[in-house]
Amino acid sequence: VQLQASGGGLAQAGDPLTLSCTASGLTVGSYDMAWFRQAPGKEREFVAALIWRNSHTYYADSVKGRSTISRDNAKNAIYLQMDSLEREDSATYYCAADRRGYYNDDKAYFYWGQGTLVTVSS
């Protein structure tokens, strides 16, 4: 199984950004898919999840209302669209997959991508 995250880079506060995560070896439509992020010196934190059973989505309070997690079954990929970036969004973003149902617990995710770095300047 491989999860390949991409789309990170340098952006300015207020810019939009879309991260992508392409999967191989698993079908994204059959797994809970999530984004986590980790800033330097901080613990990894939950960002967003899309639940495979019912397509419900969940977001961290810090990104709720300005982020959208979505899935493209044909491309076997998920996306995290972030509108109006904030400096606090600077972090390495990881996509993850699992089926245990604890959508916001990073310890519950078995499959992880390599991360893509997002740096937001003011």
Side-chain angles (χ1 to χ4, degrees):
V1 173
Q2 281 195 324
L3 300 176
Q4 182 74 36
S6 61
L10 180 63
Q12 294 213 338
D15 285 350
L17 187 71
T18 298
L19 305 179
S20 303
C21 175
T22 301
S24 59
L26 64 78
T27 301
V28 297
S30 298
Y31 282 77
D32 293 344
M33 301 298 298
W35 289 95
F36 289 81
R37 68 186 181 187
Q38 187 168 22
K42 295 187 177 181
E43 292 188 354
R44 188 162 55 190
E45 64 175 3
F46 168 75
V47 178
L50 194 157
I51 308 305
W52 73 276
R53 291 183 183 275
N54 52 24
S55 295
H56 285 180
T57 56
Y58 298 92
Y59 299 92
D61 288 343
S62 58
V63 303
K64 193 177 297 182
R66 59 185 184 91
S67 297
T68 303
I69 185 171
S70 61
R71 180 178 64 211
D72 186 329
N73 290 334
K75 295 183 178 180
N76 207 32
I78 65 164
Y79 306 93
L80 179 68
Q81 178 182 329
M82 303 182 71
D83 304 321
S84 190
L85 287 166
E86 301 174 356
R87 287 195 65 184
E88 293 73 23
D89 293 324
S90 295
T92 298
Y93 285 72
Y94 300 89
C95 56
D98 209 280
R99 300 186 66 173
R100 280 176 279 187
Y102 301 100
Y103 67 88
N104 61 349
D105 183 353
D106 64 342
K107 297 177 182 59
Y109 285 83
F110 186 78
Y111 299 109
W112 289 87
Q114 85 290 1
T116 185
L117 178 63
V118 174
T119 303
V120 183
S121 62
S122 58

For the hydrophobic clusters of this structure (ILVMFWY residues joined by side-chain heavy atoms under 4.5 Å, transitively), does one cluster hold both L117 and W35?
no
Atom CD of Q2 with >12 non-hydrogen neighbours under 6.0 angstrom
no
Close side-chain approach of S55 to R71, heavy-atom, < 4.5 Å
yes
Transitive ILVMFWY side-chain link Y109 to V28, under 4.5 Å:
no
Where the side chain of T22 meets the backbone of A77, is there a donor-acceptor pair that is under 3.5 Å apart?
no
Non-neighbouring partners of W112 that pass ring-ring contact (aromatic ring centres under 6.0 Å, His included), sequence neighbours left out
F36
Taking all atoms of both residues into account, what is the closest heavy-atom pair of G29 and N73, and its distance?
CA-OD1, 3.8 Å
Grouping I, L, V, M, F, W and Y whenever their side-chain heavy atoms are under 4.5 Å apart, do L80 and L85 come out in a common cluster?
yes
Check T27 against N76 and note the closest heavy-atom contact, atom names and distance.
CA-OD1, 3.4 Å
Quick one: do Y79 and L19 end up in the same hydrophobic cluster if we chain Ile, Leu, Val, Met, Phe, Trp and Tyr together by side-chain heavy atoms under 4.5 Å apart?
no
If only atom types and distance count, is the side chain of D83 paired as donor or acceptor with the main-chain N or O of S67 below 3.5 Å?
no
Should we count CZ of R87 as having more than 12 external heavy atoms under 6.0 Å?
no
Would you call D89 and R37 a salt bridge, taking side-chain N to carboxylate O under 4.0 Å as the test?
yes
Report yes if the side chains of D32 and I51 come closer than 4.5 Å at any heavy-atom pair, otherwise no.
yes
Which pair of heavy atoms, one from Y93 and one from A5, lies closest together, and at what distance?
O-CB, 4.4 Å
Identify the heavy atoms of Q4 and Q114 that sit nearest to each other, and give their distance.
NE2-NE2, 3.1 Å
ILVMFWY cluster, Y94 and Y102 together (side-chain gap under 4.5 Å):
no
To the closest 0.5 Å, what do you measure between NE2 (H56) and CG (N54)?
4.0 Å
For A97, what residues pass the side-chain contact (heavy atoms from CB on, under 4.5 Å) criterion, not counting sequence neighbours?
L3, L26, Y31, M33, Y111
Only one of V47, T68, N104 forms a side-chain contact (heavy atoms from CB on, under 4.5 Å) with Y59, so which one is it?
T68
Decide yes or no on side chain to side chain contact (heavy atoms under 4.5 Å, CB included) for S62 and E86, but give the supporting numbers first.
CA-CA 10 Å; S62 58; E86 301 174 356; over 6 Å; no
CZ of R99 to CZ of R53, rounded to nearest 0.5 Å, is 7.0 Å
List the atom of S122, the atom of A13, and the distance in Å for their closest heavy-atom pair.
CA-CB, 4.2 Å
